[in-house]
Amino acid sequence: MIKKRFYITTPIYYPSAKLHIGHAYCTTLTDVFARYKRMRGFECYFLTGADEHGQKIEKNAASAGKTPQQFVDEIVDGFYKLWELLDISNDDFIRTTQDRHVKVVQDIFSKMLEKGDIYLGKYEGWYCTPCEAFWTDTQVGPDHICPDCGRPVQMAEEEAYFFKTGNYLDSLLKFYDDNPKFLVPESRKNEMINTFIKPGLDDLCVSRTSFSWGIPIRENPKHVIYVWLDALTNYITALGYDSDHPELFKKYWEDPECEIIHILGADITRFHAIYWPMFLESLGLRKPDREFVHGLLMMKDSKMSKSKGNVVDPFPLVERYGVDALRYYLTREVTFGSDGSFSPEQFVERINADLANSFGNLLNRTVSMINKYFDGVIPEYKGDVTAFDGALRTAAESTVRLYESNLDDLKITEAIAAVNDLVSRANKYIDETTPWVLAKEGKIEELASVMNHLANAIFVAAKLYEPVLVKSSPKAFDQLGIDENDRDYEKVYKFGSIGGTKVVKGDQLFPRLDAAIEVEYIQGLMGLRKE
Ligand code: MSP
């Protein structure tokens, strides 16, 4: 079924420390997808937020000499600033300390308790404080190491509430079978089954008494609700589930015409792919259509983490290179779905090669030639005139199809790579048609057709890049003299629709960077510069 609208979410990030480009990676790619869907005329509701409870936050706040609320307020303020800086188009931002969330999580817990899906018992197990997770003997192995973060775990025991996973396990496995596209990439599903389900899935401990920074259980307030039960439900509390304003919930969750997509990092697949569908079933609610698991952005070979001192702060990068450069780098460099690593050399190289030399240069050369040969007016489309016109036009047409099919399937990196190929093709077309020779030989009709084909190819590329290059694509349209009301997406299907407007020469969209200077600058930001 072709769905009419989309609900797309990022994980809600922990305000235990400032966000780094790993978090920016997830939010930016989700934003690209949301902007793409809207550009194509779909309604798309985009949610992100902050996951503010838990022992780690309580501890970090205490060491900073602040109350947990003060502590998270300050850090979350930085989240807002970062998303604004990166031009993130989220419709809402949920904080798990907000009343609209707290009250509903308590209701959800009561419902599960009443239904018998949650019971009171005793927990004994290996606990990893940074990950807020209990692990079994097999999972921690002989060295007692957290399988997620690699840090030592401690034995802990407490009276606790449990969620009966057994009530929903068969149904979950059937759901996986019936919905092969639910969890992608496919390898993630096998990982869930082989690592967590096959060895025997324990009931999930869903309360804590060892700290108090959490949502108290109404029926037994010395317990706080496990941070993952609290956090996962953000996806429905933000829409007004179980509230006096259920309109968004009806529209974006209950209505089967809406496609629900969660984007998340590989580190938190278990919670989203195993427990979240179970919680939803317990509440009698529909499950998401898709969970797209992306890889992690590493620093060379190790995970980016504050404790390792190798995090990259997105703020100075955007300040120096602009929002589009960072958005582009994140989208293009690391294939969405695979792991990748950040390096200053590759950052500079990407911007120079793809944005300055390829796209920026194509626009610049074309606008200059239209000024020189046609007094700045883009000649009208007259069909394919030169021997090379048809190839460029069909390349543009097939790029649109490839871009859409990739993006619809969340293959965002591949979609953008297809646009790059079109830009390279257009640059090659200049070499093939040699406009300066056509001008010299007085072949005006051919020359006009070349300029028109170039302008049309640039329009298609700029339009398809627009969800990523949010500031530069509009500048490219300005330079082509295309009025703001004439930039609709439908034009990408009509090669030749651009023509007759007066170009406006502007600045280079992406000035070429001096690699040696910029690599050193970025290394300095990362604390890697050898003084
Ligand atoms: N609060 C939980 C999520 C709850 S969702 C109901 C959490 N927060 S987190 O801030 O630690 O990480 C959230 C997400 O940030 C990860 O799943 C991942 O999408 C993203 N990333 C964090 N570090 C990252 C990288 N180094 N690289 C890519 N993404 C990274 O887990």
Option passing side-chain contact (heavy atoms from CB on, under 4.5 Å) with Thr399 (candidates Leu464, Asn420, Asp421, Val492): Leu464
So, Thr129 and Arg151: side-chain donor and acceptor under 3.5 Å apart, yes or no? no
Nearest heavy-atom approach of Cys44 to Asp91 is O-OD2, 3.3 Å
Distance flag, aromatic centroids of His20 and Tyr13, threshold under 6.0 Å: no
So, Glu52 and Thr97: side-chain donor and acceptor under 3.5 Å apart, yes or no? yes
Do you see a donor-acceptor pair shorter than 3.5 Å between the side chains of Asp354 and Tyr328? yes
Answer yes when Asp87 and Arg327 have at least one side-chain N-carboxylate O distance shorter than 4.0 Å, and no when they do not. no
Is the centre of the Phe175 ring less than 6.0 Å from the centre of the Phe182 ring? yes
More than 12 heavy atoms of other groups within 6.0 Å of Glu114 CD: no
Using a 4.5 Å cut-off on heavy atoms from C-beta on, say whether the side chain of Leu29 contacts that of Ile412. yes
Are Leu47 and Ile8 close enough that some pair of their side-chain heavy atoms sits under 4.5 Å apart? no
Check whether any side-chain heavy atom of Thr9 sits under 4.5 Å from a side-chain heavy atom of Tyr7, and report yes or no. yes
Kindly give the heavy-atom pair with the smallest separation between Asp230 and His101, and that separation in Å. OD1-NE2, 2.8 Å
Salt bridge (charged side-chain N to carboxylate O under 4.0 Å, His left out) between Lys4 and Glu259, worked out: CA-CA 8 Å; Lys4 273 194 190 146; Glu259 184 166 337; over 6 Å; no
Take Phe109 and Tyr161, measure what ring-ring contact (aromatic ring centres under 6.0 Å, His included) needs, and give me the verdict at the end. CA-CA 10 Å; Phe109 196 95; Tyr161 288 87; 5.5 Å; yes
Does one side chain, of Thr269 or Glu191, offer a donor that lies under 3.5 Å from an acceptor on the other? no
Would you call the rings of Tyr80 and Phe93 parallel, tilted or perpendicular if under 30° counts as parallel and over 60° as perpendicular? tilted
For Asp409, is there an ion pair with Arg290 - N to carboxylate O distance below 4.0 angstrom? yes
Search all heavy atoms of Glu58 against all heavy atoms of Trp213 and return the closest pair with its distance. OE2-N, 2.8 Å
Counting only heavy atoms not in Asp177, do more than 12 fall under 6.0 Å of its CG? yes
Checking Asp408 against Lys37 for the salt bridge (charged side-chain N to carboxylate O under 4.0 Å, His left out) test, could you report, in this order, the C-alpha distance in whole Å, the side-chain angles of both residues, the deciding distance, and whether it holds? CA-CA 9 Å; Asp408 286 337; Lys37 283 294 176 193; 2.8 Å; yes
Compare all side-chain heavy atoms of Leu169 with those of Leu201 and state whether any distance is below 4.5 angstrom. yes
Residues His53 and Tyr226: side-chain donor-acceptor under 3.5 angstrom: no
A side-chain contact here means heavy atoms from C-beta on lying under 4.5 Å apart; do Ile215 and Val224 qualify? no
Pair Tyr321-Phe347, ring-ring contact (aromatic ring centres under 6.0 Å, His included): steps then yes or no: CA-CA 10 Å; Tyr321 307 106; Phe347 181 84; 5.3 Å; yes
Considering residues, nucleotides and ligands other than Lys189, do more than 12 of their heavy atoms fall under 6.0 Å from its NZ? yes
Is Lys222 salt-bridged to Glu159, cutoff N-O under 4.0 Å? yes
Asp51 and Arg95: CA distance, side-chain angles, deciding distance, salt bridge (charged side-chain N to carboxylate O under 4.0 Å, His left out) verdict: CA-CA 6 Å; Asp51 182 2; Arg95 301 183 57 177; over 6 Å; no
Phe279/Phe163 aromatic ring centres below 6.0 Å: yes
Please confirm whether the ring centroid of Phe336 lies under 6.0 Å from the ring centroid of Phe292. yes
Are Thr413 and Thr335 close enough that a side-chain donor and a side-chain acceptor fall under 3.5 Å? no
Pair Ser282-Asp117, side-chain donor/acceptor within less than 3.5 Å: yes
Checking salt bridge (Lys or Arg N to Asp or Glu O under 4.0 Å) against Arg40, which of Glu404, Glu466, Glu490 comes through? Glu404
Minimal non-hydrogen separation, Pro199 against Ile193, with atom names: CD-O, 4.2 Å
Looking at Tyr329 versus Phe342, is the centre-to-centre ring distance below 6.0 Å? yes
Restricting to non-hydrogen atoms, name the atom on Ile94 and the atom on Ile12 that form the minimum distance, rounded to 0.1 Å. CG2-CG2, 3.9 Å
Would Tyr36 and Tyr403 count as a close aromatic pair, with their ring centres under 6.0 Å? yes
Lys/Arg N to Asp/Glu carboxylate O, Asp92 vs Arg100, below 4.0 Å: yes
Please confirm whether the ring centroid of Tyr127 lies under 6.0 Å from the ring centroid of Tyr123. no
Is the closest side-chain donor-acceptor distance between Glu219 and Ser110 under 3.5 Å? yes
When the ring planes of His294 and Tyr25 are compared, do they come out parallel, tilted or perpendicular, using 30° and 60° as the limits? perpendicular
I'd like to know if Asp255 pairs up with Lys250 as an ion pair, taking the criterion as any Lys NZ or Arg NE/NH1/NH2 lying under 4.0 Å from an Asp or Glu carboxylate oxygen. no
Yes or no on salt bridge (charged side-chain N to carboxylate O under 4.0 Å, His left out) for Lys111 and Asp107, after CA distance, side-chain angles and deciding distance? CA-CA 6 Å; Lys111 280 186 195 171; Asp107 290 346; over 6 Å; no
Over all heavy atoms of both residues, which pair between His223 and Ser207 is shortest? Give the atoms and the distance, please. ND1-OG, 3.3 Å
Glu74/Lys66 salt bridge by N-O under 4.0 Å criterion: yes
Just checking, is any N or O donor in the side chain of Asn90 or Trp83 under 3.5 Å from an acceptor N or O on the other one? no
Residue pair Val206 / Ile118, side-chain heavy-atom distance below 4.5 Å: yes
Is the closest side-chain heavy-atom distance between Arg5 and Tyr45 below 4.5 Å? no
